[in-house]
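Here's the structure, in structure tokens; my notes come after.
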There are 2 protein chains.
Amino acid sequence: MGRPRAFDEERVLDAAMRAFWAGGYEGTSTRDLCEATGLDRSSVYNAFTSKHELFKRALARYLDAMTATQAEILGDVGRPAGERVRALLARIIDDEFRCRGDGPSIGCLSVNTTVELAGHDEEISRLLDRDLRRRLDALQAVIEEGLRAGDIVSGRDPATLARYLNAVIAGIRVSAKGGAGRADLEAIAATALDTLIR
Amino acid sequence: MGRPRAFDEERVLDAAMRAFWAGGYEGTSTRDLCEATGLDRSSVYNAFTSKHELFKRALARYLDAMTATQAEILGDVGRPAGERVRALLARIIDDEFRCRGDGPSIGCLSVNTTVELAGHDEEISRLLDRDLRRRLDALQAVIEEGLRAGDIVSGRDPATLARYLNAVIAGIRVSAKGGAGRADLEAIAATALDTLIR
DNA sequence: TCAGTTCTGGATCAATCGGTGCAAAATGGA
DNA sequence: TCCATTTTGCACCGATTGATCCAGAACTGA
């Protein structure tokens, strides 16, 4: 009952996500969001309550999609654990170049949001925290598997190695935003794995 | 001649720097800057032309100070090169906790600005680029020294190792913003050095 | 002491911000 | 067909944005 929506909510969320991704939270106005989604402001507010709420939805969608993709790569039981970690880094580098124009990468919405809002916005911080835990857990599981199988070798404990890899991933993404080329990023990733895989 | 300024320009720049550091460029209004510096708006505009120009000055000041401090640590000829790299990472972790309140670290203005403005703002990008080159050069010089002396060991070339360390530093800073504790950051740094120092 | 110059404080500017009010439009159920 | 309900487009809200204007204060050199 009632007038049906003229838009697909998931498409709108995707468009909003891309807008926030490119412009940041503060840097993206509600007018920008309307242009990106094709909706009018009243429709946006009717469907998503507020800019902040829309951002939460868009960020959660991004985190879910991103972490699911990464978990899929890390959970590929057909390959050795070390190779899965290597494939994850390769995928991340691909992503940095997939939707890049002529300028530097737009980076990763998770890193962008951590830098912009962690510590200022409690709700957003919670979303990021929860996602970070999931990613660390997935990394740690693969590392434990690799240590047992012997294709990952390190004197460090799995939780530390997971934290380390997560930091390297963030570092790769910041480097990409800073203008590093594909070869640079691949060299960083390869060097990072020298400690784990031999 | 003319009425003398009632403020010290360097102090004002420091205050503005801290405000931008904590709030980001978009997130810090000219009113915020006035509150942080104690100046009136007309004084700010009279002395620094515009918000953007003030940000450039504050960022340049930050980059100069930060990179000079790091170059000093890396140039300490009394210690082995590997130890200098280790000291640099220790110093960076200290910084993340030095001016942290109860919440997560405010991070690094260079990383914050790279994430927020690189690709959107050409002038700022140039400042960041120039600083990145200086930092990479300083890192590469120490690494070459360490490789010659033998206390740094790696099959990778010095430029790659410098890029790698720079990415690790960015990763540590993002991790700090994401709420990682001191022990976490130290473990990340120690793991990162496993590839270089043995 | 006064002219010339610079700086300061407060009012003010147009533009934009996030958000709302309202009437017309579009549906399903009665 | 008409009512209840929801969405849509457009005008509009007060607040805030970056920036400017201007009168007066504070200094130097003549």
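Within every chain, numbering begins at 1; the chains are lettered A, B, ... in the order of the sequence lines, protein sequences first and strands thereafter.
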Note to self: Go nucleotide by nucleotide along DNA chain D from the 5' end; which of A/Gly38 and B/Pro4 gets its closest nucleotide reached first?
What the structure shows: A/Gly38
Check: Does B/Leu136 sit in a hydrophobic cluster with other residues, and if so which ones, taking ILVMFWY side chains as linked at heavy-atom separations under 4.5 Å, directly or through other members?
Finding: B/Leu132
Restricting both atoms to N or O, compile the protein contacts to nucleotides 28-30 of chain D shorter than 3.5 Å, with distance only.
none

Notebook entry, point to check: Atom CG of A/Asn46 to atom C1' of C/dT27: distance rounded to whole Å?
Noted result: 15 Å
Note to self: Less than 4.0 angstrom between a side-chain N/O of A/Arg5 and OP1 or OP2 of D/dT7, yes or no?
What the structure shows: yes
Margin query: B/Arg18: which residues meet the salt bridge (charged side-chain N to carboxylate O under 4.0 Å, His left out) condition with it, sequence neighbours left out?
Written below: none
Next item on the list: Check the distance between C/dC17's C1' and B/Glu26's CD and give it to me in whole angstrom.
Entry: 12 Å
Notebook entry, point to check: B/Ile93: what forms a side chain to side chain contact (heavy atoms under 4.5 Å, CB included) with it, not counting sequence neighbours?
Noted result: B/Phe97, B/Ile172, B/Arg182, B/Leu185, B/Glu186, B/Ala189
Item checked: Test: B/Lys51 cationic atom under 6.0 Å from B/Tyr25 six-membered ring centre, within 45° of axis -> yes
Check: Which residues within residues 7-16 of chain B lie with some heavy atom under 4.0 Å of an atom in DNA chain D?
Finding: none
Item checked: Set of residues satisfying salt bridge (charged side-chain N to carboxylate O under 4.0 Å, His left out) with respect to B/Asp184, sequence neighbours excluded -> A/Arg163
Margin query: Over 60° means perpendicular and under 30° means parallel, so tell me whether A/Phe48 and A/Phe7 are parallel, tilted or perpendicular.
Written below: tilted
Next item on the list: Name all residues meeting the side chain to side chain contact (heavy atoms under 4.5 Å, CB included) criterion together with B/Gln140; count only those two or more places apart in sequence or in a different chain, and write none if there are none.
Entry: B/Glu144, B/Pro158, B/Ala159, B/Ala162
Item checked: Proximity to the side chain of A/Arg3 - top-ranked nucleotide from C/dT20, D/dT8, D/dG18 -> D/dT8
Notebook entry, point to check: Which of these passes side chain to side chain contact (heavy atoms under 4.5 Å, CB included) with A/Arg135: A/Gln70, A/Arg130, A/Met66?
Noted result: A/Gln70
Item checked: Counterpart residues, side chain to side chain contact (heavy atoms under 4.5 Å, CB included), relative to A/Leu109 (two or more places apart) -> A/Met17, A/Trp21, A/Leu59, A/Tyr62, A/Thr113
Checklist line | Of B/Ile73, B/Leu74, B/Asp76, the residue whose pairing with B/Val142 passes side chain to side chain contact (heavy atoms under 4.5 Å, CB included) | finding: B/Leu74
Item checked: side chain to side chain donor-acceptor pair (under 3.5 Å) between A/Thr195 and B/Thr195, worked out -> CA-CA 5 Å; A/Thr195 342; B/Thr195 342; 3.2 Å; yes
Item checked: Protein-nucleotide distance (B/Leu39, atom CG; C/dC7, atom P), rounded to Å -> 12 Å
Note to self: side chain to side chain donor-acceptor pair (under 3.5 Å) for A/Thr160 and A/Asp157? Distances and angles first, verdict last.
What the structure shows: CA-CA 6 Å; A/Thr160 292; A/Asp157 62 292; 2.8 Å; yes
Item checked: Close approaches to DNA chain D from residues 27-37 of chain A, in residue order (heavy atom, under 4.0 Å) -> none
Extract from the structure each pairing of a protein N or O with an N or O of nucleotides 21-23 of chain D at less than 3.5 Å, listing the distance.
none

Checklist line | Closest listed nucleotide, where the reference is the side chain of B/Lys51 and the choices are C/dG18, D/dT8, D/dG18 | finding: D/dG18
Margin query: Side chain of B/Tyr45, heavy atoms from C-beta onward: which of C/dT8, D/dC27, D/dG18 has the nearest atom to it?
Written below: D/dG18
Checklist line | Summary of salt bridge (Lys or Arg N to Asp or Glu O under 4.0 Å) pairs that have at least one residue in residues 57-67 of chain A, sequence neighbours excluded | finding: A/Glu9-A/Arg57, A/Glu10-A/Arg61, A/Asp14-A/Arg61, A/Asp64-A/Arg134
Check: If you look at every strand shown and take non-hydrogen atoms under 4.0 Å, does A/Ala47 touch a base, only sugar-phosphate, or nothing?
Finding: nothing
Next item on the list: With sequence neighbours excluded, tell me which residues meet side chain to side chain contact (heavy atoms under 4.5 Å, CB included) with B/Thr49.
Entry: B/Glu53
Item checked: Gap between atoms CG and C1', on B/Asp40 and D/dT20 respectively (whole Å) -> 12 Å
